[in-house]
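Residue numbers begin at 1 in each chain, while the letters A, B, ... track the order of the sequences.
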Protein chains: 2
Amino acid sequence: MKVSKSERTRRTIVEAARKLFGEKGFDRTTVREIASAAEIDPALVIRYFGSKDQLFAQAAEFRLDLPDVTNVDRSRIGEALVQHYLAVWEGEAGTGGLPILLRSATSSETAAEQMREIFLRQVLPAVRAIKGGRGASRRAALVASQLLGVALCRYILKFPPMVAMPREMLVVEVGRTIQRYATGEDATEG
Amino acid sequence: MKVSKSERTRRTIVEAARKLFGEKGFDRTTVREIASAAEIDPALVIRYFGSKDQLFAQAAEFRLDLPDVTNVDRSRIGEALVQHYLAVWEGEAGTGGLPILLRSATSSETAAEQMREIFLRQVLPAVRAIKGGRGASRRAALVASQLLGVALCRYILKFPPMVAMPREMLVVEVGRTIQRYATGEDATEG
DNA sequence: GTCTATAATTCGATAGAC
DNA sequence: GTCTATCGAATTATAGAC
């Protein structure tokens, strides 16, 4: 077989860790729970990953995989971005990197640092590609604030109206905000 | 004297708890630390408040104290709201209720429930007062998502451009977003 | 009212048998 | 490569002296 047994065990551990870190955050997730969920011995978790922190770093690692916005209507870039993120977040069903990081970044400085990295390396360049200039970093920060705010209210805090809101409505409403932040201009419906 | 010694001790404990919960979240703050900061014995914390959870519930309690928007220009309601929140958040210097809740609500279900309560009892009625109708709860959720997103990026995650952004710029930029969400119409500069 | 001492758990991590 | 057994430290919470 192509993957060794130990490699399969590693993946099982990371999978269980993703699920639990994403549900309860770093602090409330124990190595013992992860091991139990993966149906292996707790000692193996440490043996494979060195420490709980290093396991978290691997479990929380993810790429934003920004959509290619060079081919979409310039007046619909905002909608395209929101559409993309919602699809990613809702597709990953709690196992994705963002919920994991978001749940832990409010109390873990290393997780917060990981989020700043993502902002700097992935969000900022994307916004800069849409429209460069001196205000790009500020516009990127505004974009991030709105997108993370939606993720927070919809997936973590679960505000009922935000959970119930259809995806298409979010795409339109939040899309206009993102459009204005990213391009620096208003999205006048056309 | 009007306040008993025990009452002063209680207040000292809550004050220290506010500071620490706001800085590190619920899980990473220990009763021992709180007691040490308050310069009293750890056992007293439990004696006065029963448990760490009950102490947190008291420390995180806060009112949004919404501004009276009945007297401001209808076209500047968004700006007024952002101005108000920024002033409150930045004035409280980490001792306010929102940073405390925000830091803990991502991993504590009871803290998340407390945030939903605040949304339901304070944000929703405020938005409804600006413009009622069937979509009020959705508009309130959008307002909350943007405001919480800003708080998250500026005070918790500390995205550099968001931290560096002058308050007045946030008031204008985010104000237009809030204006649109709250009133359902665009804020055309006049 | 305040403190000392400690109970009772639980945690991450390690050592070593198999 | 996997498990048993356990270490050492830290936690909340309690009991009881002063």
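Distance from the side chain of Ser6(B) is smallest to dG1(C) among dG1(C), dA15(C), dT14(D). Considering only the side chain of Lys52(B), dA13(D) comes nearest among dA13(C), dC3(C), dA13(D). When the nucleotides dA13(C), dT2(C), dT4(C) are ranked by their closest atom to the side chain of Arg47(B), dT2(C) comes out on top. Considering only side-chain atoms of Ile46(B), the nucleotide from dC3(D), dT14(D), dT2(C) that sits closest is dT14(D). For Ala43(B), whose side chain is taken as the heavy atoms from C-beta onward, the closest listed nucleotide among dT14(D), dT11(D), dT6(D) is dT14(D).
Phosphate proximity of dT2(C) to Tyr48(B): present, with a side-chain N or O under 4.0 Å from OP1 or OP2. Note on Thr9(B): a side-chain N or O is less than 4.0 Å away from OP1 or OP2 of dT2(C).
Rounded to whole angstrom, the span from the CG atom of Asp41(A) across to the C1' atom of dG16(C) amounts to 13 Å. Taking atom CG of Asp27(A) as the reference point, atom P of dA10(D) lies 16 Å away to the nearest angstrom. Between Leu44(B) atom CG and dT2(C) atom P the separation is 6 Å, expressed in whole Å.
A salt bridge links Arg180(B) with Glu173(A): the distance from a Lys NZ or Arg NE/NH1/NH2 to an Asp or Glu carboxylate oxygen falls below 4.0 Å. At a threshold of 4.0 Å, the pair Lys24(B)-Glu33(B) counts as salt-bridged, since one of the basic side-chain nitrogens sits closer than that to a carboxylate oxygen. Salt bridge annotation for Glu15(A)-Arg11(A): absent, with no cationic side-chain nitrogen under 4.0 angstrom from a carboxylate oxygen.
Within 4.0 Å of Phe49(A), counting heavy atoms only, lies no atom of the nucleic acid at all.
Between Phe159(B) and Phe119(A), the ring planes are parallel. Angles under 30° get that label, and only those over 60° would be called perpendicular.
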